[in-house]
**Student:** 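So that we are looking at the same thing, I have put the structure below in structure tokens.
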There are 2 protein chains.
Amino acid sequence: MTRSNKTRATMHDVAREANVSIASVSRFINGQTVREEIEPRITKAISALNFKPNSAGRALRASKTQQICLSVPDISNPVYQTITKGVQNILNKTDYRLMLAPRNLSVEENLALIDSLDSNYADGFIFLSLVDDPRIRKAFMKLSIPAVVIGNVEVHEEVDTIKVASGAVELALAYLVNKYGGDVLFLNGPSSTIPGRNRKKGFLEAMQSRGIDGTKHVVEAESFNVEAGLSALGKVKNISTYRSIICANDLLAAAALRFLSTLKIDVPNKIAVIGIDNTDLASVLSPALTSIDYKSEFRGELAAKFILDRLNDPTTAYRKISIAPELVERESA
Amino acid sequence: MTRSNKTRATMHDVAREANVSIASVSRFINGQTVREEIEPRITKAISALNFKPNSAGRALRASKTQQICLSVPDISNPVYQTITKGVQNILNKTDYRLMLAPRNLSVEENLALIDSLDSNYADGFIFLSLVDDPRIRKAFMKLSIPAVVIGNVEVHEEVDTIKVASGAVELALAYLVNKYGGDVLFLNGPSSTIPGRNRKKGFLEAMQSRGIDGTKHVVEAESFNVEAGLSALGKVKNISTYRSIICANDLLAAAALRFLSTLKIDVPNKIAVIGIDNTDLASVLSPALTSIDYKSEFRGELAAKFILDRLNDPTTAYRKISIAPELVERESA
DNA sequence: TAACTTACTGTAAACGTTTACAGTAGGAAG
DNA sequence: CTTCCTACTGTAAACGTTTACAGTAAGTTA
């Protein structure tokens with residue numbers, strides 16, 4: 001023990017203790033071959049001094065932080081929790097750490113977040129945003145680290161993207177119309193958001209193709225959560241004229257189930273309910289929620305893999321993946 | 001623009017551009033007063049060069065990473081999501097970033113996590129663990145950064161801790177016995193975990209004090225999730241002899257609701273159900289879940305505040321907080 | 001033997017900040 | 001006028017790594 005008591009050992013200390021140069025210690029730690037004779041000396045010194053390489057020194061010199069930043073617009077939403085889980089699944093197998101970015105619901109929050117990434121605290125960025133804006137696209141374009149986009153936010157082309165193929169609502173509608181006929185209500189989230197906009201479009205087109213004007217079949221909640229869903233449904237005039245409800249995410253579907261349950265309307269026999277996202281929530285609700293699977297955990301895993309691939313080899317061709325949504329049948333429809 | 005194209009501007013560049021010393025730039029950025037005349041020169045240079053301070057350089061020199069590490073045993077559990085949200089609420093108001101540690105369910109994962117913190121990638125640590133072990137306590141004691149513990153994991157005394165006062169199960173039991181009598185089933189999670197152990201103890205004692213031997217009223221799920229809950233309930237011989245069920249967390253309560261719903265047993269009129277944690281899930285389920293509020297978002301906020309306080313002033317006295325659980329009445333009981 | 005190759009080693013210079021220290025200008029006090 | 005103080009400034013030395021480079025010893029080839 002050459003070290004004083006309370007301060008941590010550095011590579012210099014290890015080198016001195018093992019009687020080798022600091023370069024050899026560094027090389028050994030980074031998996032390069034060193035003379036067979038000195039290997040045990042280094043390992044011994046490391047454990048004797050309880051040496052752990054300092055992240056900051058490493059990051060500064062190598063300009064690699066070993067951190068991946070994940071932006072989560074709203075951590076209360078189970079779909080983002082599921083994506084986060086997927087990202088973790090992959091990162092935990094590597095020596096990359098996961099940074100959870102601050103909430104980025106608004107355009108301003110998004111801009112601040114993207115801006116902050118210039119401070120080099122992360123090597124890669126997994127970007128999720130509910131909102132779209134030319135300023136976001138512009139800021140994103142100037143990003144100094146590689147990024148992966150999950151979702152339909154519009155950005156430039158030099159980026160890996162993971163989308164869910166359109167047609168999720170069509171999938172739900174086809175199922176419901178076939179089973180229960182055309183009296184379908186669409187409970188949307190705010191159409192000012194990207195998913196709100198897209199899912200509404202999907203619904204209207206799907207109705208259109210069946211010769212129905214869907215516009216009167218849409219009710220919009222102020223937010224993608226239960227409270228907003230309940231309040232939106234409360235404003236629907238005669239809910240019992242509908243035979244089924246498509247909800248723009250699982251939380252809104254949970255709201256629908258609660259709403260119908262308080263009205264003693266049987267699900268699915270009087271009104272069927274179908275959600276979108278197929279988060280953990282779906283199998284927790286009763287009746288268990290039939291939902292369109294957006295494969296969120298998988299998307300998270302894929303995003304993490306993409307970013308790691310690119311960090312390993314920056315010349316990797318940019319990938320634009322589109323996941324096929326899938327209907328998962330449970331009890332509610 | 002004195003900089004070449006693709007590499008980021010450093011403080012040196014700003015200093016040169018503004019014709020001041022690098023020390024002045026640093027001081028200005030860190031909010032110290034500088035000569036009035038040079039202030040605009042610096043701001044101008046910063047924006048002209050689009051300068052952003054480099055986190056690694058900063059971290060290395062100041063030995064402060066501006067990062068807080070939060071350990072989340074299992075991100076699928078809504079109670080941890082809620083705690084995470086609380087932590088974020090506070091950190092987002094500061095310039096600290098949130099690191100999400102890898103899953104730490106097992107003892108080994110906990111040890112690896114605590115060990116890794118010696119690499120100085122975080123200034124503070126918010127520790128949550130489902131499991132208890134002398135090795136964890138020992139490793140935790142040697143931690144080189146301040147920590148806050150949420151929960152009942154046993155560690156040394158020089159640490160802020162946030163617990164929920166015991167008596168949660170008693171609270172639930174008192175309510176149920178009073179309303180529905182003593183035929184209460186306790187659906188516990190694994191008693192090998194800290195909450196499993198404590199909640200079981202709480203239940204047995206609460207029953208004891210009413211002169212009932214509770215041991216036959218306990219069924220144990222293999223994990224704190226819906227699937228395990230369903231499977232555990234499936235093994236209960238004659239469920240309909242019970243008038244109410246206390247579930248050791250909200251996920252197990254969701255399992256109970258689903259289980260009873262498939263058996264067409266009315267909740268709460270035939271069997272009442274009560275959960276513990278009062279996560280977002282409680283108000284999403286139908287019937288809405290009566291649950292014991294563990295104030296998780298608040299605990300997360302408190303933990304973040306504690307750690308920030310200590311980073312500001314390391315001499316702060318260690319705080320041992322105990323939150324009073326509270327019954328939140330909804331529909332299921 | 002010399003010349004070349006192989007496989008490793010150590011020295012020292014970075015990376016981009018913060019900060020101790022010494023210095024200076026200007027005003028106040030005596 | 002000198003002395004002292006205040007309020008700021010710039011120089012230069014860290015912080016703990018990684019890595020370019022030059023060096024060396026041993027083995028191979030001719």
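Order of the sequence lines fixes the chain letters, A, B, ..., with proteins taken first and strands second; residue numbering starts at 1 for each chain.
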**Student:** I want to verify a distance call: between dG10(D), dT17(D), dC8(D), whose nearest atom is closest to the Arg35(B) side chain?
**Tutor:**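 Of the candidates, dC8(D) comes closest.
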
**Student:** Of Ser24(B) and Ile22(A), whose closest DNA chain D nucleotide lies nearer the 5' terminus?
**Tutor:** Ser24(B)

**Student:** Honestly, is Arg319(A) close enough over Phe306(A), meaning NZ or CZ under 6.0 Å from the six-membered ring centre and within 45° of the axis?
**Tutor:** yes

**Student:** Could you tell me how far apart His12(A) (NE2) and dA14(D) (C1') are, to the nearest whole angstrom?
**Tutor:** 12 Å

**Student:** Pick the closest DNA chain C nucleotide for Val20(A) and for Val25(B) by heavy atoms, then say which residue is nearer the 5' end.
**Tutor:** Val20(A)

**Student:** Give, for atom NZ of Lys142(A) and atom CG of Leu117(A), the distance between the pair rounded to the nearest 0.5 Å.
**Tutor:** 14.5 Å

**Student:** How many Å lie between NZ on Lys52(B) and C1' on dC15(C), as a whole number?
**Tutor:** 20 Å

**Student:** How close or far is atom P of dT19(C) from atom CD1 of Ile29(B), stated in whole angstroms?
**Tutor:**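 After rounding, the reported distance stands at 13 Å.
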
**Student:** Can you list the steps and then say if Lys295(B) with Glu301(B) is a salt bridge (Lys or Arg N to Asp or Glu O under 4.0 Å)?
**Tutor:** CA-CA 10 Å; Lys295(B) 318 212 168 150; Glu301(B) 291 178 349; over 6 Å; no

**Student:** Which whole-number value in Å describes the distance from Met11(B) CE to dC15(C) C1'?
**Tutor:** 14 Å

**Student:** Please compare Gln32(A) and Leu60(B) by the position of their nearest nucleotide in DNA chain D and report the one closer to 5'.
**Tutor:**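 Per heavy-atom nearest nucleotide, the more 5' residue is Leu60(B).
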
**Student:** Provide, to the nearest angstrom, the distance between the CD atom belonging to Glu36(B) and the C1' atom belonging to dT9(D).
**Tutor:** 16 Å

**Student:** Describe the nucleic acid contact of Thr33(B) in one word from base, sugar-phosphate, nothing, applying a heavy-atom distance below 4.0 Å.
**Tutor:**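 Thr33(B): backbone/sugar contact only, no base atoms under 4.0 Å.
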
**Student:** How is Lys64(A) classified with respect to the nucleic acid when contacts are heavy atoms under 4.0 Å: base, sugar-phosphate, or nothing?
**Tutor:**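 Counting heavy atoms under 4.0 Å across all strands, no contact is made by Lys64(A).
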
**Student:** Rounding to a whole Å, what distance do you find between Asn19(A):CG and dT9(C):P?
**Tutor:** 13 Å

**Student:** Heavy atoms under 4.0 Å, any strand shown: does Phe51(A) hit a base, just sugar-phosphate, or nothing?
**Tutor:** sugar-phosphate

**Student:** Ignoring backbone atoms, establish whether Ser21(A) has a side-chain N or O less than 4.0 Å from OP1 or OP2 of dG10(C).
**Tutor:**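 So the side-chain polar atoms of Ser21(A) do come within 4.0 Å of the phosphate oxygens OP1 or OP2 of dG10(C), strictly under.
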
**Student:** Nearest-Å distance, CG (Asp118(B)) to C1' (dG16(D))?
**Tutor:** 15 Å

**Student:** Can you say whether a donor on the side chain of Arg58(A) sits under 3.5 Å from an acceptor on the base of dT17(D), or the other way round?
**Tutor:**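 For Arg58(A), whose side chain was compared with the base of dT17(D), there is no donor-acceptor pair (under 3.5 Å).
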
**Student:** For the residue pair Arg41(B) and Phe28(B), would you count it as a cation-pi contact if the rule is NZ or CZ under 6.0 angstrom from the ring centre and within 45 degrees of the ring axis?
**Tutor:** no

**Student:** From the list dA14(C), dT11(C), dG16(C), which nucleotide is the closest neighbour of the side chain of Asn54(B)?
**Tutor:**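 Between dA14(C), dT11(C), dG16(C), the one nearest the side chain of Asn54(B) would be dG16(C).
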
**Student:** Within 45° of the axis and under 6.0 Å from the centre of the six-membered ring of Phe51(B), does NZ or CZ of Arg8(B) qualify?
**Tutor:**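 Geometry flag: not set, cation outside 6.0 Å or 45°.
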
**Student:** How long is the line joining CG of Asn30(B) and C1' of dG16(C), in whole Å?
**Tutor:** 13 Å

**Student:** Which nucleotide wins on minimum distance to the side chain of Arg27(A), given the candidates dT18(C), dG10(C), dT9(D)?
**Tutor:** dG10(C)

